[in-house]
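This report refers to the structure that appears directly beneath it.
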There are 2 protein chains.
Amino acid sequence: MSAPRRDSGEPRHLPVSAGPATAGGRARAPRHTLSHEVILERALVVLDERGPEGLTMRGLAGELGVGPMALYTYFRSKDELLDAVRDQVLRGLADTPTDGDWVDRLRAIGTSLYRLLVAHPTLIHLFATRPLAGTEAAEATEAQLSALRDAGFDRVTAAQAHLTLLHHALGAATWEVQLNAGRGDADSRRRRQASLAAMSPERYPTIVELAAELVTDTVGEEQFASGLELILAGLRQRLGA
Amino acid sequence: MSAPRRDSGEPRHLPVSAGPATAGGRARAPRHTLSHEVILERALVVLDERGPEGLTMRGLAGELGVGPMALYTYFRSKDELLDAVRDQVLRGLADTPTDGDWVDRLRAIGTSLYRLLVAHPTLIHLFATRPLAGTEAAEATEAQLSALRDAGFDRVTAAQAHLTLLHHALGAATWEVQLNAGRGDADSRRRRQASLAAMSPERYPTIVELAAELVTDTVGEEQFASGLELILAGLRQRLGA
DNA sequence: ACCTGAACACCGTTCAAGT
DNA sequence: ACCTGAACACCGTTCAAGT
């Protein structure tokens, strides 16, 4: 019910009736085509399409045409594979501006992080699941911190603001991805509207009053942007004081 | 390595050598002691102690002294059980103030949500994983929205600000829980410091400069509070304009 | 209604072995 | 070094059955 993507129905191992060297090709073992890159690329595709639960070592190996244990030559465990995927995705962060108005720079960096998180929901899951060294997105972190320092913030405030921007992007993306999951699903939308409609106007007058604004749930990136502007306004104000 | 809590070593089914009706008691089947409440309570304990991966239907049933299938009388699936746990935990949100200064009210509500998320990390995972109707925390939502409306914000801004506050708390808690997981772990701390120390001062001058501020990672709730103040300052400023 | 026990179709990973 | 195949100790859930 929550994981309708689980079984896609395709057989994992095509039963190969012919011997390995038969003419007509694409038998089961592609010999030496495996590599870190190939595995990571495929893992990311699976993760994006079927979600974290959809990635299994056995299934991934099957898709790559090898036995389950072949992957263990390249990654010591599934955990290690997931870490590698996370780092790989983070490297996909758009190049970030290092000059210009500090507010514009922070906006650009924050937005590109948010977009990356929404584009690869699995990254959110990895952020929330796997231990972080804290320097996986060094380029973006550097750009963000230097913008804050250039603006004139002290070290502590700059570090705190950096984390706040990160936290907000992470939370907003988490929420958005959750809603996205339920968006296509008519059943889920119905449940949402039903539970809003069932709210008691006496106990929850403001929720009922703002029901329209709450279900619109502002297309995601727009909502993210509004929160970002709030934080930026707070920063600008602090700079004035 | 990432899930060191996985196998606690205790046997799940004590092998009962005596018959079911032997004197001396506490045989395997406690007859009619099962209920929604008992199952949920135990599930939450397991979730808090061993994390989401640590909760299995079989294991939970074993701890309750029943066969795996006994749980399915009360919950149609593991998904349904998890939803029930989430709703149960959310009901634990501290009572929220409904009068007084709107800034104080927002601070109180935000902080109690943050604390709940950090106290039950599994809630974060459920937020990021399971479809939401959006009204699970109706009391807190109502309190937050009414504070914003009382302050004088229009409907759209109030709805957006509510979500921003939520997103920030969620993101901050996610990050904090991640760090907590690595805090006891000396290996993880070493990795963190090592990767910061290995940063090139030419490519990442600001990260290196702020290394101290970044590793301190401001005790969690303090970091959350600083972000919250930024958002509140942004709101206050918007009200003036 | 409440619970059991066997079974099915999965997992990640170890181990011994092949090339 | 790279990959296979069998095996181990798990999963969630279905199904038929017992009380």
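Note that these values count all heavy atoms, side chains included, but never hydrogens, waters or copies made by symmetry.
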Atom pair distance, as rounded to whole Å: [atom1] in [X] and [atom2] in [N]:
| X | N | atom1 | atom2 | answer |
| --- | --- | --- | --- | --- |
| Leu60(B) | dC10(D) | CG | C1' | 16 Å |
| Tyr74(B) | dA1(C) | OH | P | 12 Å |
| Phe75(B) | dT14(D) | CZ | P | 16 Å |
| Leu55(B) | dC11(D) | CG | C1' | 12 Å |
| Glu80(B) | dG12(D) | CD | P | 15 Å |
| Arg76(A) | dC15(C) | CZ | P | 15 Å |
| Met69(B) | dC8(C) | CE | C1' | 13 Å |
| Leu71(A) | dG5(D) | CG | C1' | 15 Å |

### Query
If only side-chain N and O atoms of Thr73(B) are considered, is one of them under 4.0 Å from the OP1 or OP2 phosphate oxygen of dA1(C)?
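Answer no for this pair, as no side-chain N or O of Thr73(B) is under 4.0 Å from OP1 or OP2.
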### Task
State whether Glu139(A) and Arg203(B) are salt-bridged, where the test is any N-O pair (Lys NZ or Arg NE/NH1/NH2 against Asp/Glu carboxylate O) under 4.0 Å.
yes
### Set of salt bridge (Lys or Arg N to Asp or Glu O under 4.0 Å) partners for Glu142(A), sequence neighbours left out
none
### Set of residues satisfying salt bridge (Lys or Arg N to Asp or Glu O under 4.0 Å) with respect to Arg42(A), sequence neighbours excluded
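With neighbours one apart ignored, the set is Glu63(A).
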### Task
Using a heavy-atom cut-off of under 4.0 Å over every strand shown, decide if Tyr72(A) touches base, sugar-phosphate, or nothing.
base
### Query
Reckon Met57(B) touches a base, only the sugar-phosphate, or nothing at all at heavy-atom distances under 4.0 Å?
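Touches sugar-phosphate only.
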### Message
Measuring from the side chain of Arg58(B) (C-beta onward, heavy atoms only), which nucleotide among dG12(C), dG12(D), dC3(D) has the closest atom?
### Response
dG12(D)
#### Entry: Nearest non-hydrogen partners of Leu117(A) and Ala169(A), listed with the distance
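Closest approach of Leu117(A) to Ala169(A), heavy atoms only: CD1-O, 3.9 Å.
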### Message
Just to verify, what does Arg76(A) make a side chain to side chain contact (heavy atoms under 4.5 Å, CB included) with, not counting sequence neighbours?
### Response
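Arg76(A) satisfies side chain to side chain contact (heavy atoms under 4.5 Å, CB included) with Glu80(A) only.
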### Task
Just jot down the ring pair (Phe, Tyr, Trp, His ring centres under 6.0 Å) partners of Phe75(A), sequence neighbours excluded, or say none.
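If we apply the ring pair (Phe, Tyr, Trp, His ring centres under 6.0 Å) test to Phe75(A), skipping adjacent residues, the hits are His36(A).
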### Message
So, using ring pair (Phe, Tyr, Trp, His ring centres under 6.0 Å) as the criterion, who are the partners of Tyr204(A) when residues are at least two apart?
### Response
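None.
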#### Entry: Intra- and inter-strand pairs of DNA chain D in dot-bracket (Watson-Crick or G-U wobble, both distances under 3.5 Å; | for another strand)
||.|||||...|||||.||
